[in-house]
K.L.:
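What follows is a single structure, and I will ask about it in a moment.
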Amino acid sequence: MAKDSRQIEGGLFPRKVVPVLIPMPAERAYSYALPEGVEAGPGQIVQVPLGPRLVAGIVWDGEADQVNPDKLREVTQVFDCPPVNEPMRRFIDWVSAYTLSPPGLVARMALRAPAAFDPEPMIDALRLTETRPERLTAARERVLEQAGDGLAWSKSGLAHAAGVTPSVIDGLFAQGVFEPVKLPPPPVVPDPDPDYQPAVLEDGQAEAADALRATVAKSGFGVTLLDGVTGSGKTEVYFEAIAEAVRAGRQVLILLPEISLTAQFLDRFHDRFGARPAEWHSELAPRMREKVWRQVTEGRVSVVAGARSALFLPFHDLGLIIVDEEHDPAYKQEDRVFYNARDMAVVRARLAQIPVVLASATPSIESRVNAQQGRYSHLLLPGRYADAGLPDLKLVDLRRYPPARGGFLSPLLLRAMAETLERKEQSLLFLNRRGYAPLTLCRVCGHRFECPDCSSWLVEHRFRGQLQCHHCGHNEPTPQACPSCGALDHLTPCGPGIERIAEEADKHFPDARVIVLSSDMAGGTRRLRIELEAIAKGEADIVIGTQLVAKGHNFPLMTLVGVVDADLGLSNGDPRAAERTYQLLSQVTGRAGRSGRKSLGLIQTYQPQHPVMQALASGEPEAFYERETDERSRAMLPPFGRLASVIVSAATRPEAETHARALRAAAPAAPGIMVLGPAEAPLALIRGRYRFRLLVHGERGRDMQGFIRAMLAQGPKARGSVQVQVDIDPQSFL
DNA sequence: AGCACGCCGACT
DNA sequence: GTCGGCGTGCTC
């Protein structure tokens, strides 16, 4: 540690100076002096003055920067909190370097629990003494009997158990019948029991479970891709890996896309382990958040199920990471620190030398390539349980069976819906488009409603009487007359949204109970949960929904799934469009058929020959995946040779200037510049053909090549410094 | 990230 | 003449 000598109150005192990572975007740890007699090693969470405020930071490794002694301030408090361990600190450094984010911002993600750095307060409790009350009433007798077990009770708990009011206990306490004791705060969740209710596994599953158990028992770093169709028992299989880690007394992290973190999942865990896992996600109440954080650092919580941010919890002794639905784009964070939690989970596992399991029914291309190349082990589960067959998937060629004029549902789909209704079973219509119509125009003058802020089309929301921009959130009431030519009642909706499909379903089946589900539904998540429960209980006949019906929730009575427009999303220029469409439609159609009844999926398309449609209809995605892998590696790895390519983060205004300068600095040195977002980088990395210098990340869906060209043309107006990351070698973590 | 400082429009 | 918009800069 650096020594700093300076005059204090007339004497020369050497002061220990430590580097402290502050939860703020500084490029380096700041230096703080330790007060006389105070020790704080790397990982210790401390409180330090920063400008006018006091903030929590982490004592970092290495020498503290030499800093102007006049500026040097003192650590104000060393929290009574377990230090952030070495692998976690290396993880923070790694993520910072890889994402080009200041380490402080990454550290901040690990410290997102404002008041958790002080120990949880002990709980006040009462224990019976030898003293007995002078007068014994019936109520007092009940209390004495109840507390006679010699254990400590909380006042309210005891009162409740004995069926008396707390004042009875106050009276006894006053007479010395009870003494006050302090109890450690209760755990947020009871310990899971690895042997509570092991699933009965079939041959293929048992084999996979054994393999995973062996991996966990052996410990050490390794990635396993657990690959099996919806309903093949992936969850049951990785639960066995979790059981093994819990038996070994180590902590487990289960990452889920936020939307999949449902009561259903937690209940399944409970059924297997006799207790729920601790939860970690953005909607957790602050008080609970702190408790979970604290107990995770102390190692008192053994299993956490969480959204991507849970990856930054400072576990005491992490022994296993599961990434469920590893292909899910929700693992990408595109805010401040840009990262893909699935990739960072692999890195965290590598640094902690523990196994990680990536599970999916529709693995991402990059994970499949990793598995094929032997970098990941690959466990392929056989099909569904016998009593939960996959739906029979059929393509509906819209050129041959077109919908009636003004409609979007083909006669084939309508007939299947009628039959499903007759059998008193449920239908699901899937269309990934909110609102009534994606485009509104005036039939008189051709005026199209455009967003004044971002120039995308305004989407009509008829239920709300609004035109909305799905890009920036702008909205305005739907006018009666055309704002351009003034013609009344000539505004025409073009194309379908789920509201319009609901209208069409209503028209054909006026007696059916129709429920529309989308993320912008009035009433928020609570209302959504209620609706989902109602559907599960059979209180709807036809469910019409967007993407959100694809995930997490099972609909046991659903025997028909109709995909209204399977082609939607295939033509948006995203190199992942086909892969995403395949994954989404597999998931959606997988919602049906869990009831054990015969079930059907009808996929409406104008392109029945498209590889995505063929893969869906045949149930054999291999050829599709092979083709996609080739396509994508061609599209994303242009033949630049072994280039130094350019990686930058974010694309907001201040950064864009910095990027421009970074690009100009890098361009002369590079034989070519390849522009990829961090989320696209992994495929390039695993192909191992390139060394990266900088990573340019554009906004979602943006033309990256165009973006970089535009920035180069614009030239540098940059100020400040450019952070250049040299040679991130993929082999260093995979 | 916060928070202060510093220059240009609508108002007590 | 001020109050206040957020653009820019700084924090050991």
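First the proteins, then the strands, lettered A, B, ... as listed; each starts at 1. Bear in mind the structure is a predicted one, so any value in this text is a computation, not a measurement.
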K.L.:
Could you tell me which residues satisfy side chain to side chain contact (heavy atoms under 4.5 Å, CB included) with Asn68(A), sequence neighbours excluded, listed by chain and number?
P.N.:
Asp70(A), Lys71(A)
K.L.:
Just grab all the salt bridge (charged side-chain N to carboxylate O under 4.0 Å, His left out) pairs involving residues 474-486 of chain A, residues at least two apart or on different chains.
P.N.:
none
K.L.:
For Glu290(A), which residues count as a salt bridge (Lys or Arg N to Asp or Glu O under 4.0 Å) partner, sequence neighbours excluded?
P.N.:
Arg287(A)
K.L.:
For Arg464(A), what residues pass the salt bridge (Lys or Arg N to Asp or Glu O under 4.0 Å) criterion, not counting sequence neighbours?
P.N.:
none
K.L.:
Tell me, which pairs form a side-chain hydrogen bond (donor to acceptor under 3.5 Å, both in side chains) where one or both residues lie in residues 48-60 of chain A, sequence neighbours left out?
P.N.:
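Sorted pair list: Trp60(A)-Asp93(A).
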K.L.:
Can you list the residues that meet the side chain to side chain contact (heavy atoms under 4.5 Å, CB included) rule with Thr440(A), with sequence neighbours excluded?
P.N.:
Phe449(A), Glu460(A), Leu467(A), Leu491(A)
K.L.:
Going 5' to 3' along DNA chain B, between which two nucleotides do contacts with chain A fall, using a heavy-atom cut-off of 4.0 Å?
P.N.:
dA1(B) to dC3(B)
K.L.:
Could you go through nucleotides 10-12 of chain C and list every protein N or O atom that sits under 3.5 Å from one of its N or O atoms, giving the distance for each pair?
P.N.:
from: dT11(C); atom 1: OP1; to: Lys71(A); atom 2: NZ; distance (Å): 3.1
from: dT11(C); atom 1: O3'; to: Gly51(A); atom 2: N; distance (Å): 3.2
from: dC12(C); atom 1: OP1; to: Pro49(A); atom 2: O; distance (Å): 3.3
from: dC12(C); atom 1: OP2; to: Arg73(A); atom 2: NH1; distance (Å): 3.0
from: dC12(C); atom 1: O3'; to: Ser31(A); atom 2: O; distance (Å): 3.0
from: dC12(C); atom 1: O3'; to: Arg73(A); atom 2: N; distance (Å): 2.8
from: dC12(C); atom 1: O2; to: Ser31(A); atom 2: N; distance (Å): 2.7

K.L.:
Listed by chain and number, what are the side chain to side chain contact (heavy atoms under 4.5 Å, CB included) partners of Asp118(A), not counting sequence neighbours?
P.N.:
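Side chain to side chain contact (heavy atoms under 4.5 Å, CB included) check on Asp118(A) returns Gln77(A), Phe79(A).
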